[in-house]
Amino acid sequence: QVQLVEFGGGSVQYGGSLRLSCSASGGTRGINCMAWFRQPPGKEREVVAEIHTGTGNTYYTDSVKGRFTISQDNAKNTVSLQMNSLKPEDTALYYCAAGPTCSVRGTDFGYWGQGTQVTVSS
């Protein structure tokens, strides 16, 4: 029904920046929340940032506050994650997710992108 595709991953040095984008297609009615999750090597998937598509309200996990910014373009059905001041601990596979409500639990999101790798070297 809903397909999500991520773009923009890559490799940067400590302190660098990357911008991730997620394109949604297939009909987005019923989708009220778009989010970015990440899975570092050997660790569980965790929420990074969320945006309520109707209100624009955002949420960030503590470790990225002040460095990452999530934004949306409803006309283009896209959500982006601007990542600044990147650290090695930000290295992970980043996933775009969509669901009916915003939540820190990945199981509450019904749609997922394929993932895009972000690697930050020291």
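Residue indices begin at 1 and follow the sequence shown.
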Is the shortest side-chain heavy-atom distance between His52 and Met34 below 4.5 Å? no
Side-chain heavy atoms of Tyr14 within contact of Leu86, under 4.5 Å: no
Minimum-distance pair of heavy atoms, taken over all atoms of Ser63 and Arg67: O-NH2, 2.8 Å
Taking Thr78's backbone N and O only, do any of them form a donor-acceptor pair with Ser23's side chain (distance below 3.5 Å, no angle check)? no
Is Glu50 reaching over with its side chain to a backbone N or O of Cys102, donor-acceptor style, under 3.5 angstrom? no
Do Leu81 and Val48 pass the side-chain contact (heavy atoms from CB on, under 4.5 Å) test, and can you show the C-alpha distance, the side-chain angles, and the key distance before you say yes or no? CA-CA 9 Å; Leu81 185 69; Val48 178; 4.3 Å; yes
Could you tell me if the side chain of Leu20 sits less than 4.5 Å from the side chain of Thr116, heavy atoms only? yes
Side chain of Gln39, backbone of Leu93: donor and acceptor closer than 3.5 Å? no
Pair Arg105-Ser103, side-chain donor/acceptor within less than 3.5 Å: no
Validation row: Thr28, Asn77 side chains within 4.5 angstrom (heavy atoms): yes
Minimal non-hydrogen separation, Arg19 against Ser80, with atom names: NH2-CB, 3.5 Å
Tyr94 and Gln117: side-chain contact (heavy atoms from CB on, under 4.5 Å), yes or no, with the steps? CA-CA 6 Å; Tyr94 283 70; Gln117 179 67 39; over 6 Å; no
Nearest heavy-atom neighbours spanning Asp62 and Lys65: OD1-NZ, 3.0 Å
With a 4.5 Å heavy-atom cut-off, do Tyr59 and Val47 have their side chains touching? yes
Where the side chain of Thr91 meets the backbone of Val120, is there a donor-acceptor pair that is under 3.5 Å apart? yes
State, with a plain yes or no, whether a side-chain heavy atom of Phe109 is found less than 4.5 Å away from one of Cys33. yes
Looking at Ser17, is its backbone amide N or carbonyl O close enough to the side chain of Asn84 to form a donor-acceptor pair, meaning the two atoms are under 3.5 Å apart? no
Does any part of the side chain of Ser25, heavy atoms only, come nearer than 4.5 Å to the side chain of Val2, both counted from C-beta? no
Of the non-hydrogen atoms in Tyr60 and Val64, which two are nearest, and what is the gap between them? CB-CG2, 4.1 Å
Of all heavy-atom pairs between Asn32 and Pro100, which one has the smallest distance, and what is that distance? ND2-O, 3.0 Å
Using the ring centroid of each side chain, check whether Phe37 and Trp112 are separated by less than 6.0 Å. yes
Polar side-chain atom of Gln114 near backbone of Val5 as donor-acceptor pair, under 3.5 Å: no
Heavy-atom count around Gln13 CD within 6.0 Å, excluding the residue itself: above 12? no
Rounded to the nearest 0.5 Å, what separation is found between the SG atom of Cys22 and the CD atom of Gln72? 12.0 Å
Contact check, side chains of Val118 and Met83, non-hydrogen atoms, under 4.5 Å: yes
At their closest point, which heavy atom of Gln3 faces which heavy atom of Gly26, and how far apart are they? OE1-CA, 3.6 Å
For Tyr95, does the six-membered ring have the charged nitrogen or CZ of Arg38 within the cation-pi criterion, i.e. under 6.0 angstrom from the centroid and within 45° of the normal? no
